[in-house]
Amino acid sequence: MSLSGQYDDNNIFAKIIRGEVPAVKVYEDEAVLAFMDVFPQSKGHCLVISKTAKARNLLEIDGQALGAIMVAVQRLAKAVTTALNPDGVVITQFNGAPAGQTVFHLHVHIIPRYEGVALAGHGHGNMADMAELKMLAAQIAAAL
Ligand code: 5GP
């Protein structure tokens with residue numbers, strides 16, 4: 001999918017926002033939702049999305065909704081750091097399929113890095129163990 005096109009109301013993250021598909025949530029308010037990536041590239045990999053903006057990518061979103069996402073990203077990055085003590089944190093965001101985007105509802109990745117631990121490939125991670133994902137989410141939420 002290229003940069004131009006229509007927002008699809010049935011993308012997987014829209015379904016998560018509507019509660020039609022389950023997600024392991026870390027934080028939620030009226031503007032944003034943070035939840036665990038189900039195919040994590042590292043321990044604690046989570047995602048932040050807007051609940052209000054129907055934007056497929058960074059180019060389409062209004063500044064206010066983007067601001068809410070980025071404030072939440074910083075909060076989550078700090079909480080992940082407190083909870084999991086990584087050696088680094090990568091923040092990524094992809095626009096358009098050729099750039100690596102696979103879900104077309106704008107989202108920002110928070111990916112903790114641990115010294116000497118290789119990342120699973122983007123889009124090639126194994127599905128997480130749900131019990132472990134819930135435990136990690138609870139640890140991160142407790143550090144918010
Ligand atoms: P993108 O490739 O678009 O930057 O990132 C999409 C992310 O969403 C990937 O990291 C992928 O693992 C994650 N993902 C895909 N489907 C689901 C899902 O159903 N639930 C959750 N929690 N994450 C998903």
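Atoms within a ligand are numbered from 1 in the order they appear, just like the ligands themselves.
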Glu115 CD: over 12 foreign heavy atoms closer than 6.0 Å: no
hydrophobic_cluster_shared for Ile49 and Met36, side chain cutoff 4.5 Å: no
Distance-only donor-acceptor pairs under 3.5 Å for side chains of residues 94-101, two or more places apart:
from	atom 1	to	atom 2	distance (Å)
Asn95	OD1	Leu58	N	2.9
Asn95	OD1	Gln93	NE2	2.8
Asn95	ND2	Gln93	OE1	3.0
Gln101	OE1	Gly96	N	2.7
Gln101	NE2	Arg56	O	2.8
Gln101	NE2	Val103	O	2.9

Hydrophobic cluster partners of Leu119 (side-chain heavy atoms under 4.5 Å): Val90, Ile111
Hphob cluster co-occupancy, Leu136 + Val117, side-chain heavy atoms under 4.5 angstrom: yes
Sub-4.0 Å heavy-atom environment of ligand 1, residues by chain: Ile12, Phe13, Ile16, Phe35, Met36, Asp37, Val38, Phe39, Leu47, Phe94, Gly100, Gln101, Thr102, Val103, His107, His109, His122
Counterpart residues, side chain to side chain donor-acceptor pair (under 3.5 Å), relative to Asp62 (two or more places apart): none
